> 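Okay, handing you the structure first.
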Amino acid sequence: MKASNVTLLRNARVWTMAAEAPWDAPQECVVVMAGGLIDWLGPLAHLPAAKTAAIEHEFDLGGRAVTPGLIDCHTHLIYAGTRAAEFERRLQGETYESIAQSGGGIRATVAATRQATAASLLADAMRRAQALMNEGVTTVEIKSGYGLEEATERRMLATARTLGQTLPITVKTTALAAHAVPAEYESADAYIDAVIGWLGPWIDDGLVDAVDVFCERIGFSARQTQRVFEAALARGCPVKLHAEQLSWQGGCELASAYGALSCDHLEHLSEAGVHAMASAGTVAVLLPGAYYYLRETQRPPVDLLRRAKVPIAIATDHNPGSSPTLSPLLMLNMAATFFHLTPAEALAGLTCHAATALGLRDRGVIAEGRRADLCVWDVDHPRELTYAFGVNPLHRRVFAGQMP
Ligand SMILES: [Zn+2]
C-alpha cells in the first residue's frame with residue numbers, strides 16, 4: 001500500500017539546519033515527503049526506484065532555498081484589546097514599570113480579555129497566527145496569562161488548542177497564570193496558592209504543554225516560582241521561565257535546577273546562570289522585539305552563552321504591551337543588529353533551537369523521519385532573511401507535507 005500523499009520536491013537547495021550541515025554550500029537535492037514526514041532527501045541520481053514509483057505529486061522549486069518551517073517558541077498571541085494608548089504614554093517618558101504600578105499595562109489587557117468571548121479571542125488570534133504563517137511559521141507556542149482567574153485562563157488555553165485544530169499550524173500551549181498578581185488578591189503568595197490549585201485540572205484536561213512564570217521584581221520571586229514549578233513537575237508537565245528581563249532575580253539558576261526547557265529574555269543573566277543553563281541543557285530564548293520596544297540598553301550575554309554552548313533561540317514574544325510584532329523575519333534582523341547573532345545563529349534560533357525550547361524532537365531540522373514542515377524562499381541564500389528587514393521573500397510554506 002502507498003503511503004499517503006507522496007510528494008517529490010525537485011531542484012531544492014536545502015539548508016537542513018542540522019548541527020553539522022554546511023552554511024555556505026547547501027545540499028542540492030530532491031526531497032520526498034510522505035505521510036506528513038520527510039521520507040527521503042538526497043541527490044536525484046540516488047533516489048531509489050521504489051521511491052520514484054510511489055510519487056504522486058511533483059513540484060519543481062527552481063533552485064530556491066529551503067529551510068525548516070519557522071518555529072515561534074514564545075508568544076502571547078491570545079488577548080483582547082490594544083495598548084496603543086500606553087505606547088503613546090511611554091513615548092512621553094513613562095516607563096513600563098511605572099505604567100504597570102499605576103494599574104495600566106497588563107491589567108488593562110486582563111480587563112479586556114476577561115470580558116472577551118471565546119469566539120472573539122479565537123477570531124483575533126487566528127488573524128495574528130495567519131500573519132505569522134505568512135512569514136513561514138509552522139509551529140507556534142501560545143501562553144495564557146491575561147486572565148489571572150481560573151475561567152479566563154482556561155478559556156485562553158482552550159482557545160489556543162482550538163486554534164491549532166483550526167489552522168494548519170502546530171500550537172503548543174503554556175500556562176502562564178503566574179504572569180502578574182491580579183488586583184483582587186492581597187498578596188502574591190495568596191495568588192500563587194490559587195494558581196497551584198488550577199494547574200492540576202488544566203494539565204489533567206490536556207490543556208497545558210508547559211508551565212511558565214514571570215519571575216521579576218514586578219512579577220514573582222524565585223521562591224514563588226519554585227512553588228509553581230514543583231506543582232507542574234509533580235504532574236509531569238515541563239517548565240520554562242520569563243527570567244532576568246528587567247533585573248537579576250536568580251531565576252535561571254532556579255529554572256535550570258528544575259530542568260526547564262527554556263529561560264526567556266535574559267538581558268540581566270549572570271555568568272552563574274549561563275553555566276547552570278549549560279549544565280541543564282536549558283535553551284536561552286532571546287526576544288529582541290521586547291528589547292527594542294522597551295528601549296532596553298543591556299544586551300543578553302550572547303558571548304557567554306556561545307562559549308558555554310547554550311542553545312540560543314529567538315522568538316517574537318508577540319504581546320500587546322512590549323512586543324506587538326507579528327514578524328519572525330524582523331526578529332532575525334533584530335537578533336543580528338541588537339544581539340550580534342550571526343545569520344546562521346539567528347536562523348537556528350527560529351528552527352532547531354526553537355524546537356528544543358518547546359521540547360519537540362520531531363522538527364526544526366530537515367532530516368528523514370522528521371515532520372515535513374518547510375519554508376521555500378525566493379532567496380539565493382538564507383542569510384538574506386536576516387540581512388533584509390521589512391521584506392518577506394516566502395515563496396511557499398509547507399505544513400506536514402501539504403503544499404499550498
Ligand atoms: Zn513573554
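Just so we're clear, the structure is a prediction, and the values are computed from it rather than from any experiment. Atom set for the values below is all heavy atoms of this structure, side chains included, hydrogens, waters and symmetry mates excluded. Whatever order the structure lists them in is the order used to number ligands and atoms, beginning at 1.
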> How open is the angle at the Zn ion (ligand 1) from atom NE2 of His76 over to atom NE2 of His242, rounded to 10 degrees?
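About 110°, to the nearest ten degrees.
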> Verify whether one side chain among His381 and Tyr387 offers a donor that lies under 3.5 Å from an acceptor in the other.
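Short answer, no.
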> Which one of Tyr146, Tyr79, Tyr191, Phe220 satisfies the ring pair (Phe, Tyr, Trp, His ring centres under 6.0 Å) criterion with His179?
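With His179 as partner, ring pair (Phe, Tyr, Trp, His ring centres under 6.0 Å) holds for just one option, Tyr146.
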> Examine His74 and say whether one of its N/O/S atoms is closer to the Zn ion (ligand 1) than 2.8 Å.
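Checking the Zn ion (ligand 1) against His74, an N, O or S atom does fall under 2.8 Å.
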> Salt-bridged, Glu149 to Arg114, with N to O below 4.0 Å?
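Counted as a salt bridge, because a side-chain N and a carboxylate O are separated by less than 4.0 Å.
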> Which atom name does Asp317 have for its N/O/S atom nearest to the Zn ion (ligand 1)?
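Result for Asp317 and the Zn ion (ligand 1): OD1.
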> So, Glu230 versus Tyr258: side-chain donor-acceptor pair below 3.5 Å or not?
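On atom types as modelled, these side chains qualify, holding a pair under 3.5 Å.
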